[in-house]
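Input: a single structure, listed below in structure tokens.
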Amino acid sequence: MQVALGRFLKDTGLRSRLRNVAIFKAWRDAIGIVLAQRARPVAFDNGVLEVSVQSSAHLQELVAFTGEQYRIKANRKLGSERIRKVVFRLERST
């Protein structure tokens, strides 16, 4: 049973998402409810948080002005420097 559950978590990508829940929550808490709807964390690997941003205006603001402040604030919430860098990507329309 545990082997099957482990395989399922790995195959669906849930294992890595569960491992990153604290990182994603710290990011959302740092940027606030309104912006969190437009700038979603989608991946975290080797200290790099990838954030999908809905609009080019928000992307530009995060890259040029506020992104580093939010990274610092998220790390404070985590109690360590787990997030070394944030990479912002424009969300693609489907």
I'd like a table of donor-acceptor pairs (distance under 3.5 Å, sequence neighbours excluded) in which one partner is a side-chain atom from residues 25-39, with atom names and distances.
| residue | atom | partner | partner atom | Å |
| --- | --- | --- | --- | --- |
| Lys25 | NZ | Asp29 | OD2 | 2.8 |
| Trp27 | NE1 | Ala39 | O | 3.4 |
| Arg38 | NH1 | Val34 | O | 3.3 |

Side-chain donor-acceptor pairs of residues 46-56 under 3.5 Å, sequence neighbours excluded:
| residue | atom | partner | partner atom | Å |
| --- | --- | --- | --- | --- |
| Ser52 | OG | Glu91 | OE1 | 3.2 |
| Ser55 | OG | His58 | N | 3.1 |
| Ser55 | OG | His58 | ND1 | 2.8 |

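Note: the hydrophobic cluster containing Tyr70 also contains Leu90 (ILVMFWY, side chain heavy atoms under 4.5 Å, direct or indirect links).
Among residues two or more places apart in sequence or in another chain, the side-chain hydrogen bond (donor to acceptor under 3.5 Å, both in side chains) test is passed with Thr66 by none.
Sorted by first then second residue, the salt bridge (Lys or Arg N to Asp or Glu O under 4.0 Å) pairs that include residues 74-87, not counting sequence neighbours, are Arg71-Glu81. Within the structure, salt bridge (Lys or Arg N to Asp or Glu O under 4.0 Å) pairs that include any residue of residues 52-66 do not occur (at least two apart or interchain).
Annotation for Ala74 and Ile83: closest pair CB-CD1, 3.9 Å, computed over non-hydrogen atoms. Taking all atoms of both residues into account, the shortest heavy-atom contact from Ala43 to Phe24 is N-CZ, 3.7 Å.
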